[in-house]
Amino acid sequence: MAKRQLNRRQNWRIEKIQGERASRAAKRESQTLETLEGGDLGPEQIGLVIAHFGVQVEVEAQEGEQTGQVFRCHLRANLPALVTGDRVVWRAGNQGIGVIVAQLPRTTELCRPDSRGQLKPVAANVDLIVIVFAPMPEPHANLIDRYLVAAEHAGIRPLLLLNKADLIDDQNAPALNALLAVYRQLGYPLLEVSAHQGDGMQQLQTQLDGHISVFVGQSGVGKSSLVNSLLPEVEARVGPLSELSGQGTHTTTTARLFHFPRGGDLIDSPGIREFGLGHVSRADVEAGFIEFNDLIGTCRFRDCKHDREPGCALLKALEEGRVQQQRMNSYRSIIASLPENSY
Ligand SMILES: Nc1nc2c(ncn2[C@@H]2O[C@H](COP(=O)(O)OP(=O)(O)O)[C@@H](O)[C@H]2O)c(=O)[nH]1
Ligand SMILES: [Mg+2]
Ligand SMILES: [Zn+2]
């Protein structure tokens, strides 16, 4: 979303209005909660947030007879904001509406800046980021590296997925193979599939088993097609149009958790598919290039920019082939794109 420049007075007004709105909502909530808690609440049990709508969330029961059933739940006022993927303690109420009692600790958080530039979690407990690319649109190593940095930064394992393998031909094969070789050399897991023809989809499903995944990647690489093929009952629209309509509505589209029929979960929303950089420092980027890990801190100068400084460990590694030229190019272009103050 485009950042609007607001003056102080406008900002103050917006905050005031939002504050009033929030306190009205909180009042309504506490009335609903009182009614609920006055009635019969079931025992405390563990659940999984599969979608959230402002002050309400959808929770899937994870124990007992109701396992797998979905309940709308209200949040107690003292709770932190919940996101899709959160594990919670909740109590069932009458008429199918429940109450969230506590949030269980998150293993990971995917964050995105909101419309005011503040970083907000959008999904919890994701443990696999599937970075999708394809022969067409032509892949950019730089973009893949950005996703890898973001994944490393979030502490989430990445899986590189080349979709549209049916489009590989003599023309594009050399460049694609060179690209794949870069990541193979780094030890990143890599899979080739065709959402259209089904090749490799079983292997992909196996990789997704037992994990909570998100699919990311540039528009047109086939994310919706992959999701459709893996989740036959969910309608994720395919084609350029869906991306267009997604752009206009992504701030209001909630992330939703789906179960794959053969195991594993997917958290999906247009906003998550755009998950990328934009909130990392130079040190984060350096940490995201895993082959730099042993080199960072060993340059002659403490504030080495790895540009042309004498005694630079990265430049030496580049010269000796321990760091690949393409990755160095990516690193430089990502650093160059960071805001000045993120050093
Ligand atoms: N040839 C081929 N085309 C595909 C494949 N997967 C998706 N596509 C096509 O690529 C285009 C973009 O797909 P879509 O799923 O909307 O991509 P998204 O923007 O990443 O969600 C559509 O025209 C799809 O039909 C595939 O495996 N092979
Ligand atoms: Mg799509
Ligand atoms: Zn250096």
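Numbering of ligands and ligand atoms starts at 1, following listing order.
Per-residue contacts place Ser219 under 4.0 angstrom from the following atoms of ligand 1 (heavy atoms of the residue considered): 19 (O). Each of the atoms 17 (O), 20 (O) of ligand 1 lies under 4.0 Å from some heavy atom of Val221. Atom numbering of ligand 1 starts at 1 in the shown order; those under 4.0 Å from a heavy atom of Ser194 are 27 (O).
Among the backbone and side-chain atoms of Ser224, an N, O or S atom lies under 2.8 Å from the Mg ion (ligand 2).
To the nearest 10 degrees, the Zn ion (ligand 3) sees ND1 of His306 and SG of Cys312 at an angle of 110°.
Residue Ile290 is grouped with residue Val182 when hydrophobic side chains (ILVMFWY) are merged at heavy-atom distances under 4.5 angstrom, including chains of intermediate members.
Between the side chains of Asp284 and Ser281, at least one donor N or O lies within less than 3.5 Å of an accepting N or O.
Below 30°, between 30° and 60°, or above 60°: for Phe289 and Tyr331 the angle between ring planes is above 60°, a perpendicular geometry.
For the pair Arg72 and Phe53, the cation-pi criterion (under 6.0 Å, within 45° of the ring axis) is fulfilled.
Leu159 CG to Leu190 CG: the interatomic distance, rounded to the nearest 0.5 Å, is 7.5 Å.
Looking at Glu309 and Lys305, no side-chain N of the basic residue comes within less than 4.0 Å of a carboxylate O on the acidic one, giving no salt bridge.
Closest heavy-atom approach to atom 6 (N) of ligand 1 among the candidates Val132, Leu162, Asn163: Asn163. Taking only non-hydrogen atoms, the option from Pro135, Ala165, Ser225 nearest to atom 7 (C) of ligand 1 is Ser225. Of the candidates Val227, Asp166, Val193, it is Asp166 that places a heavy atom closest to atom 28 (N) of ligand 1.
The shortest distance between side-chain heavy atoms of Ile156 and Ile129 falls below 4.5 Å.
Residue-to-ligand polar distances keep Leu167 apart from ligand 1: every N/O pair is separated by 3.5 Å or more.
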